Each structure stands twice: as C-alpha cells, then as structure tokens.
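The structure presented is a predicted model; accordingly, all values stated were derived computationally and were not measured.
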There are 4 protein chains.
Amino acid sequence: MFIELDLQSETPIYAQLVDQIVEGIASGELKRGDPLPSVRRLAEELGINLHTVNKSYNLLKQEGFLQVHRKQGVIVHPDGMPGVTEAFEAKLQRQLRSLAAEAAVRGMTEEAFTEESRSVYRDTITNRGGG
Amino acid sequence: MFIELDLQSETPIYAQLVDQIVEGIASGELKRGDPLPSVRRLAEELGINLHTVNKSYNLLKQEGFLQVHRKQGVIVHPDGMPGVTEAFEAKLQRQLRSLAAEAAVRGMTEEAFTEESRSVYRDTITNRGGG
Amino acid sequence: MFIELDLQSETPIYAQLVDQIVEGIASGELKRGDPLPSVRRLAEELGINLHTVNKSYNLLKQEGFLQVHRKQGVIVHPDGMPGVTEAFEAKLQRQLRSLAAEAAVRGMTEEAFTEESRSVYRDTITNRGGG
Amino acid sequence: MFIELDLQSETPIYAQLVDQIVEGIASGELKRGDPLPSVRRLAEELGINLHTVNKSYNLLKQEGFLQVHRKQGVIVHPDGMPGVTEAFEAKLQRQLRSLAAEAAVRGMTEEAFTEESRSVYRDTITNRGGG
DNA sequence: GTGGTCTAGACCACG
DNA sequence: GTGGTCTAGACCACA
C-alpha cells in the first residue's frame with residue numbers, strides 16, 4: 001500500500017487514512033471497483049488499531065467513496081463518485097476561507113494563493129506514479 | 001465585535017475565534033495597533049469562558065499576530081505580520097492537498113477548484129464591513 | 001521521577017517543571033524517545049493540577065523538546081533537539097546581561113563570572129543520576 | 001537618560017528599570033554618588049506610572065544599590081556596592097542552571113556557553129559609551 | 001482594571 | 001487509558 005501515516009500529527013489517524021485513500025482515488029492509483037485490503041490486514045500493515053481502520057472505511061462508505069461487499073470485501077465504489085454536494089461545498093469554502101485569510105495576512109498575494117491551489121490540485125492528481 | 005461562533009461545531013471554539021480574528025485582520029477591519037477587547041469582556045460578549053478567549057489570544061500572540069502591550073492590553077501587532085513561514089507553507093499545502101483530492105474525486109475540475117480558491121481569497125479580504 | 005518543585009517560589013510551577021524536564025534531558029536522564037508520565041499521573045505524583053502539567057508539556061512540545069505520540073503518550077523528541085535558534089540566543093543574551101551586570105556591580109570579576117558559568121554548565125550535564 | 005523599556009516584553013517594567021540602572025552602574029555610566037532623576041521626572045520621561053518607578057527605586061534601595069536622601073533625592077550609593085551575597089549567589093546559580101541546561105540540550109558546547117558568558121560580561125561593562 | 005497562574009471538575013475524541 | 005477542550009471560580013502581579 002501507498003499509505004503513510006504520521007503518528008505524531010495532530011490529525012487523527014483515521015482522518016489521515018481517509019485522506020490518503022481519497023488521494024489514492026484522485027490520483028488514479030485506486031480505480032472504480034478496485035479492492036482495498038481487509039480491515040484486519042490494513043490494520044496489521046499499518047500497525048494501528050482495527051477500530052481505526054474500521055472508522056475510516058465506514059466514513060468513506062457513508063460518503064459514497066467505498067462499497068462494502070459481504071464476500072468481496074471493501075472496494076472503491078464502482079458506480080462513480082458522489083459529486084460536489086452542498087456539504088462538501090460548505091466545508092471547502094470554510095477551510096479555504098481560513099487558509100486564505102491567514103495567507104493574505106502573511107502577505108501572500110491572490111495570485112500566489114491561487115497558483116498554489118492550482119499547483120497542489122495538479123500534484124494531487126498526477127504525483128502518484130511512484131507507488 | 002464582528003465575531004460569530006458556532007458552539008455546536010466540531011471545530012473548537014478557540015480555533016474558531018483564532019480564525020475569525022485572522023479574518024478580521026485580513027479584511028482590514030482590524031488594523032495594526034488596533035486594540036482587542038480584554039479577555040474578560042470578549043468572553044462575556046461571546047458567552048464563553050475567559051480561558052477560551054485567553055487560549056486564542058495566546059496562540060495569536062505566539063504566531064506573531066497579536067501583541068500583549070502592558071497597560072494597553074491586547075493589540076494587533078503594530079510592526080507587521082509574520083510572513084509566509086515554512087510552517088505555514090507546510091500547513092497550507094497539507095490542507096490544500098486534502099481538499100483538492102476530495103474535490104477532484106467529486107469531479108471538480110482544476111479550473112473550478114482554482115477559481116473557488118481565488119474567489120474565496122477575494123471575499124476574505126473585501127467582504128467585511130459591508131455586511 | 002526526579003522532579004522537585006518549590007510551590008512557594010515566585011517562579012510559576014509550570015516554568016519550574018519545564019526547567020526540570022529540560023535539565024533532565026541535558027543530564028541524559030531523559031533520552032530521545034523516552035516516555036514521560038501522563039499528565040494525570042505526573043500531576044498526581046507532584047501534587048499539582050493536571051492543567052499545570054499540561055501547560056508545561058505543551059510549551060515543551062511547541063519548542064520541539066517533546067512529542068505527543070498518538071498512543072505512546074508524551075515522549076522526548078526522538079529526532080534530536082531544536083538547536084540554537086535566534087529566539088534562544090536572544091533570551092540567553094538578555095538574561096546573561098542582567099546577571100553579568102549585577103555580578104559586576106557586586107564586585108565579581110570576569111574570570112569569576114565566567115568560571116561560575118562553566119561550572120554550572122558542567123554540573124548541569126553531569127550532576128544527575130549520582131544524586 | 002540611557003534607559004530603554006520594552007512595553008511588550010513579558011518582563012515587568014519595574015524589573016527592566018532595575019536591570020537598566022544596574023547595567024548603568026556596571027558600565028560606569030552611573031558612579032557612586034551620582035544623582036538619579038526624581039521618581040516623578042523619570043516616570044514622566046519614560047511615560048510610565050509613578051508607582052512603577054517607585055517600586056524599582058525601592059528595590060534598588062533595599063538591595064543597597066541606591067540611597068534616598070531627604071533633599072538630594074535619589075543617588076547611587078556612595079559607600080560602594082553590596083558584594084556577592086548568598087542570595088545573589090543562589091539566584092545566579094539558579095538562573096545559570098536553567099540557561100545552561102537549555103543551551104546544552106540545544107547543542108551549545110561548554111566552551112561556547114562559557115565564552116558567551118564572558119563576552120556578555122565584557123559588553124556589559126564597556127559597551128555603554130554611546131549614551 | 002489588565003493578563004497570568006492555579007485549582008477543580010467535567011465531557012469528548014482517539015485508539 | 002490518553003490528551004484536548006471547556007467551564008467555573010479564585011488569587012496575584014502589574015500598572
């Protein structure tokens with residue numbers, strides 16, 4: 001697996017795991033219908049608690065990114081991704097507002113902030129070839 | 001004060017307060033040297049505990065946004081803001097990466113994401129005072 | 001634990017605690033990656049409030065001396081210590097200047113002051129564990 | 001006067017004032033019997049409260065650095081300075097220990113720390129010609 | 001009046 | 001179990 005966790009981070013492990021899986025889907029490393037490791041295996045691989053993996057998978061299932069089959073286990077949702085919901089739009093704006101405000105106060109221009117966003121978006125989509 | 005808190009939010013109150021003050025500085029509503037309410041007054045105004053306000057003020061002081069002036073109380077740092085530190089750059093990229101990945105997965109294009117960032121940045125530095 | 005607090009001192013308890021932990025690291029009694037007691041346990045051991053311990057731990061975390069490892073609790077930072085920052089250099093000079101001035105006025109020679117510094121430095125890094 | 005206060009510092013103003021006067025004596029700028037401004041005048045010059053200056057003067061009088069005459073006002077003690085008391089020795093060691101420990105942890109060698117002390121002592125005694 | 005410190009007790013998220 | 005957050009109420013140093 002391509003997942004790297006930072007156990008010192010203040011970001012909860014389950015949230016890091018969610019992020020990494022979403023990034024895996026964004027980069028194309030994980031495609032529709034692709035299988036994910038079982039809860040037990042992934043927990044063992046990463047050296048973390050079963051409950052933690054379970055929480056991440058459940059969140060991703062609720063959001064519509066993953067599907068849980070009885071026997072096939074966990075797979076990336078085969079029918080496509082959820083789309084831009086109101087909830088996501090709200091979250092996006094809220095977090096961007098916080099970042100933009102601090103960036104502006106620290107002297108980052110609109111152009112610099114915008115280009116940073118663009119650059120990160122591109123990296124996220126493409127920068128996964130090493131895995 | 002212009003501060004609005006969501007006491008039900010999962011975002012800690014002190015963090016919301018930090019964000020709102022930074023946004024106040026970004027929008028120009030708070031200028032260099034401007035005084036902020038005392039911890040007690042702001043706490044009373046917002047209906048929260050003074051320690052919560054204190055925590056926010058202290059974080060902003062550490063970051064270099066605020067100064068605690070003996071006698072004058074807490075003021076916006078008069079000598080300019082901290083600038084884009086490595087720590088901020090790292091935080092910015094980390095959070096943008098997470099947002100960009102989810103945006104991409106949900107079908108948001110690079111252009112849409114970039115323009116959203118630009119738009120939010122603009123709103124942040126202008127959309128105050130008119131409300 | 002090796003920590004001794006003077007609850008009557010005008011030096012805040014949390015600051016004494018910070019000092020003692022740093023001295024513990026300096027003396028080698030605390031090594032990289034070593035675990036520290038939980039805030040609750042240490043607070044109980046020392047007969048102080050857990051928030052006071054928490055404040056000390058947080059300060060040391062910010063400075064880069066400690067790490068909060070998810071699950072392992074608080075540990076001495078395993079990747080080495082922060083190094084001589086500008087902030088520390090400034091603090092060092094400011095405090096030394098004050099001490100040196102009073103020492104000089106009281107008739108302490110440069111040699112005496114310098115040797116006192118050397119002697120204290122040596123004691124600090126060796127005078128533990130044997131006690 | 002040669003006194004510069006930092007109203008943003010976490011060091012109390014009265015303590016800064018004490019330090020500066022002691023440094024003035026150490027550097028020779030203030031000699032035995034030299035007059036100091038009246039409480040009222042110095043407070044006005046520095047733009048601080050009467051009580052603050054008073055507190056500083058009283059502390060310096062208690063320590064034996066200053067003398068207060070009925071009519072002549074405040075002067076540097078004409079009969080020489082107090083000498084190295086036990087109390088000062090204790091304070092010196094306590095503060096040096098704290099500084100030395102942090103210096104050691106940050107990788108400063110004994111030689112570097114010792115030379116820093118020597119250098120600061122020298123500056124304190126001589127570096128006052130500009131006033 | 002201010003901010004700084006300390007205590008006490010509570011709930012929560014995390015793992 | 002852990003640390004993180006919040007509340008409540010208290011005392012103190014400072015100016």
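For E/dG3, neither phosphate oxygen OP1 nor OP2 lies less than 4.0 angstrom from any side-chain nitrogen or oxygen of B/N54. Taking only side-chain nitrogens and oxygens, A/Y14 comes nearer than 4.0 Å to OP1 or OP2 of E/dC14. Here C/R70 reaches the OP1 or OP2 of E/dG15: one of its side-chain N or O atoms lies under 4.0 Å away. Taking side-chain N and O atoms only, B/T52 has a distance below 4.0 Å to OP1 or OP2 of F/dT7. The phosphate of F/dA15 (OP1 or OP2) has no side-chain N or O of D/K55 nearer than 4.0 angstrom.
Taking atom CG of C/L60 as the reference point, atom C1' of F/dG3 lies 15 Å away to the nearest angstrom. Across the protein-nucleic acid pair, C/N49 atom CG and F/dT7 atom P stand 17 Å apart, rounded to whole Å. Distance, A/E10 CD to F/dT2 C1': 16 Å, rounded to whole Å. Atom CG of C/L42 and atom P of F/dT2 are 12 Å apart (whole Å). Atom-to-atom, CD of C/Q8 to P of E/dT5 comes out at 18 Å; the value is rounded to the nearest Å. The CG-C1' distance, from B/L59 to F/dT5, rounds to 12 Å in whole Å. Taking atom CG on C/L17 and atom P on E/dT5, their separation rounds to 14 Å, with Å as the unit. Here E/dT2 presents its P atom at 10 Å from CD of B/E44, a figure rounded to the nearest Å.
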Exercise. Evaluate the criterion side-chain contact (heavy atoms from CB on, under 4.5 Å) for residue pair B/L36 and B/L42; output intermediate values, then yes/no.
Key: CA-CA 8 Å; B/L36 275 78; B/L42 186 51; 5.8 Å; no
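Taking the side chain as every heavy atom from C-beta outward, A/H51 and A/K55 never approach each other to under 4.5 Å.
In terms of position along DNA chain F, the nucleotide closest to B/T11 lies nearer the 5' end than the nucleotide closest to the other residue of the pair D/A15 and B/T11. Heavy-atom nearest nucleotides on DNA chain E were determined for C/R40 and for B/V74, and the one closer to the 5' end corresponds to B/V74. Of the residues near DNA chain E, C/L50 and B/G73, the one whose nearest nucleotide (by heavy atom distance) lies more toward the 5' end is B/G73. Toward the 5′ end of DNA chain F lies the nearest nucleotide of C/V39, the other residue of the pair B/I48 and C/V39 mapping further downstream.
If you run side chain to side chain contact (heavy atoms under 4.5 Å, CB included) between C/I21 and each of C/Y57, C/F65, C/F2, only C/Y57 comes through.
B/I13 comes within contact range of the sugar-phosphate backbone alone, with a heavy-atom separation under 4.0 Å but no base atom that close.
Using N1 to N3 plus N6-O4 or O6-N4 for Watson-Crick, or N1-O2 and O6-N3 for G-U wobble, each under 3.5 Å, F/dT5 pairs with E/dA10.
Distance from the side chain of C/N58 is smallest to F/dG4 among E/dC6, F/dG4, F/dG3. Side chain of A/P12, nearest nucleotide from E/dC14, F/dG3, E/dG3: E/dC14.
Judged purely by distance below 3.5 Å, without hydrogens or angles, the side chains of C/Q20 and C/Q16 never pair a donor atom with an acceptor atom.
Enclosure of atom CD in B/Q62 by more than 12 non-hydrogen atoms of other residues, nucleotides or ligands within 6.0 angstrom is indicated. No more than 12 heavy atoms of other residues, nucleotides or ligands shown are found within 6.0 angstrom of CD on C/E44.
Contact of C/H51 with E/dG9 (side chain to base): a donor-acceptor pair of N or O atoms is detected under 3.5 Å.
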